[in-house]
Structures are given as C-alpha cells and as structure tokens.
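Working notes for the structure below.
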Amino acid sequence: MAETGKVGSFWHDTITTPPRRWPALTGNIAHADVAIIGAGITGLSIAWHLVSAGKRVVIIEADEVGHGTTGSSTGNLYSVVGPRLHAIAKKHGEQTLRAVIAARSAAIDFIEARVKELGIVCDFERVPFHLFSAPDAAAAKEVQHEFDATQRVGLPSSDAIPASFPFRATALTTVADQAQFNPLKYVIGLAAALADRGCSIHENSRVLDTEDGEPCIITTATGRLTADDIVKATHTPQGLYAVHAAMIPHREYAVMARVNDALPPSGIYWNANSAWRYSVRPWRTAQGNFIMVLGEDHKPGEQDAAQLDRISQFLHQHFDVAEIPYTWAAQNYRPADLLPYIGRSPLEKHTWMATGFAADGLVWGTFAGQLISDELRAIANPRAGIFSPTRFTPIASAKNFLLEQAAVSKHLVHDVLSYGRNRECAELAPGAGCVVTIGGEKVAASRDHEGRLHVVAAHCTHLGCLVHWNPLELSWDCPCHGSRFDMDGRVLEGPAQKDLALAAMPDPPRPDLPS
Ligand code: FES
C-alpha cells in the first residue's frame, strides 16, 4: 500500500488549544423547542438561526463537536457543485440552477459573516475555483459546459488559461471569489458562541431512539429529552427512510503531503481528466507547505490499495514530496437527482432531515441551517420545494435510482453466496478482516495491529447487507447505504442505529475461523 502516514484528518492536529467540552446528556432534561442530533456544520448552523430567533435548542452529539463528517471534510467552500452546474441545469432547468447558486453563495457569505462577527480564527480565505483538463476531449467538453453554465448564471468566471497556471491545461473554467477554511476550527468556534447564547450542547451522547410525536422523544444510553421538533443533522438520517434508497454512498480519500516546493497560488484546482480526476489544494501552515489531494471515490467497502498508490504517484509526479503525514477518507451521499434533501421528513410530522450533500456538504449544510430554521418558524422560503425530501422526480432520478437498487440487491444476494469461501480467512494478519461462517451464521472477523481477534455479526443492522472490511480505517463498511462499524461492531456512521452484535468465539477453534 502507498505511504499512508497517519490515518486521520489533518484538521484535528491544527487544534492546539483544547476546545471547550460539553457534558453528556444524563437524566431527563427540560423540554426543548428543537432537538438537533449532530454537532457538525449542519446542526450548528440550524441552531444558530433558531437560537438567534429565541428558540430553546438542545444539540446532541454522538462524539465531540465537529468530529464526524465536518472534521473529515476538506474545507472547500464554492458556489459550484461536484455533480456540475450544467448537469443540474439539464435535469432541473435553469431556474433551479439559479436557486442552487443563490443558496450556495449566500451560505458562503453566512460563514464569512460569522467568522468576522465571532472572531473565529479558522484560516477563512477567498480563493478562486479552477476546473481544468489537459488534452482529453471528454474532459475538455465538460470544462466548456461548466464555463457556459457559470456564465449563464452570472458567476464571475473566465476560460482564459494564464501562462502561470500551475498545471498543464488545455481547457479551464475559473470562478473567482470562492473560499476555503479550516472546518473544524470554524465549528468549534460556532459551538462556543452558541453555548454563550444559551444553546445546550451534549457531547458523547449517541441517540439510540427517536419518536416523532407531540412531544417528540429522544433517548440516549444515559438520558432522555422531549422536544417540539427533532432535526436529524447526522449526514444521513439514522433509521429507515425512503431517501436512503435514493442516495448512493461514496467514500473519497484525502491525502496531505508536505512538499519542498514553493506552492501554487491559493485556490481549488479540480482536474476533470478521467485518469486523475483529483482536486488539489495548496495549504500554507505553521507546520510547512502542504498539498492536499482528494479523489479515488468508491463505495464503502469497495476500496482497493491501488487507489492510494495512484494518489501517491500523482503527488510525486507533480511535486517534490518531503513526506505524506496524513491520509483519511470521508463519506458522502449522492442523491440520484443531484439535489440534496433538506426539510420535513416524509410521513413524519415533527422530524426534519438534511442529507444528500454529495461532496459539497460544508456549503449545503450551512444552507440547510437557513432553510430548516425558516420552515420551523413557519417563514416561507421560496427554495423549500426544490430541496424537499418529499419531492418526487421520476424523470430526473429514475435511472440512478434503479441502478442503485440493483447495486443494493447485488450486495444482499451476491455477498451472502460468496462470503465464507475466502481463503485469506485461514490466516488473518494484523490489520486484516474477513467474513466467515460459524455454525451457519456469517460473522465478521478482524485482527487489530496488536494481534487481538475481534468477531462480530456480519449483517448490517440497518437492512441486513453484509459488511465489508476497510483495511485503512480498520472498520466494517456496508456498501448498501453506507453504515460503518468499528472492529467491535460499534456504529461509526450511517443510517444504522444499532451496533453489530459481538459474536461468540467457537470452542474448540474450528477450521473455518482464524485463531
Ligand atoms: Fe443499509 Fe447497511 S446501511 S443495509
């Protein structure tokens, strides 16, 4: 495998002053107007608007503020989107495209305003966004289509290729006045400001159950809360929801290299070429000059070692790499019709969701703050219908929906038939994992780097797909809707609410289970 360095997000090592911490939810606490599950950028942005309007808000976080997807994101803030503006225009029309641009631009402005108002030191910087391609007809067409779309919606864009452009490019779309920041420092600052304004925050409080009702009830292992409304700001809503079938989970690698070179000008550089479809960003920090490369997306549990090797190869070809100290992966959920689901949950009266952000979640999550808080306060928002989870767009999303359902069916059936014959299970090396059959039951066995064996039930607790081993992050990942579990079966992320059960060890050892 490639030189992966430390497996973990760069942002966590930039927090040099210990942030404020908040107590776990214990006992029965006072009724809230709104309970928000998840203290990432989405939950905190929603809370900001509600607290500013005088609402009593309680935020419940399974881990610590920003330690989920926000702390594993890449700090990009742009009005454009990963699925491309021209693709949104094709599916939904120019009017919707303009609404998308307006929503995302306003979200970036909101972040910039909070950074200034609250004095959050998070390296916020306005930078240009570049989408480029080297000789490649399909990629050049994509870049041209995107330039045309940016011009139609009035973004400050250019297709001129300056002589100083740091990569080989034969087609380029540059959008000025986009931004980047340190997402973890931002949400830590926002959480502190919210607490100062009376918002209750509870960390290390995994929600085990929610009941939609009057009142709504939220239960954790140690506490219970009632609220008028619940917002599930957990990246993908936990539990069973139709939107899970309309989103495709993906994971993408981020690799951070310390380089000896002078860095290219600040900016977001996206390569549209099919071979190296990476996003590259220079970062000047107190620790040195870094290049961050993002890419090699794959479904959870379907990664391969060659993907990290390719990123490493790219880095070495383009830069004088001193070391690669950070490698991590982040998950995203791609909606079949390219637009996120933000609003009231279908079939529920007081439960709200914000999901399907693809790889553009920092901006979508901030926009969700405005939209959901408007709806909770009965303020008409003209964009509510576009992003409503209840929308039904069979023409726009049918193909992707059916493809995804076929993929889920494949995992439900194919995995059950094929797993258990894996000969690698006979000798399970440290850092390896495999699914085997014990007494007719599929179990997921893995060995940690200290040599200890961990065995858990192999069927995902969400809808029963078999989990796959992720050797980089030592986790069990479900390819169906993206739930992830640690070696001992504890939920890490995704729609699953229950842990994988610990499996009984066979006694005496059986030949089909590694010792
Ligand atoms: Fe749905 Fe695993 S996440 S079955």
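The figures that follow rest on heavy atoms only: side chains count, while hydrogens, waters and symmetry mates do not. Read the numbers this way: they start at 1 and go in the same order the structure lists the ligands and their atoms. Computed from a prediction, not measured in an experiment: that's the story for all the values here.
- Other residues, nucleotides and ligands contribute at most 12 non-hydrogen atoms within 6.0 Å of the CG atom of Leu347.
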**Request:** Evaluate side chain to side chain contact (heavy atoms under 4.5 Å, CB included) for Asp228 paired with Val34, printing each intermediate quantity in order.
**Result:** CA-CA 6 Å; Asp228 291 347; Val34 181; over 6 Å; no
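- By the 4.0 Å N-to-carboxylate-O rule, Lys232 lies too far from Glu348 to be salt-bridged with it.
- Checked for salt-bridge contact, Arg344 and Glu375 miss the test: no charged N lies under 4.0 Å from a carboxylate O.
- Protein N/O/S atoms found under 2.8 Å from atom 2 (Fe) of ligand 1: Cys460 SG, Cys478 SG.
- Between Val293 and Ile311, the closest heavy-atom pair is CG1-CG2, 3.8 Å.
- Under 4.0 Å is where a charged nitrogen must lie from a carboxylate oxygen, and between Arg484 and Asp477 at least one such pair does.
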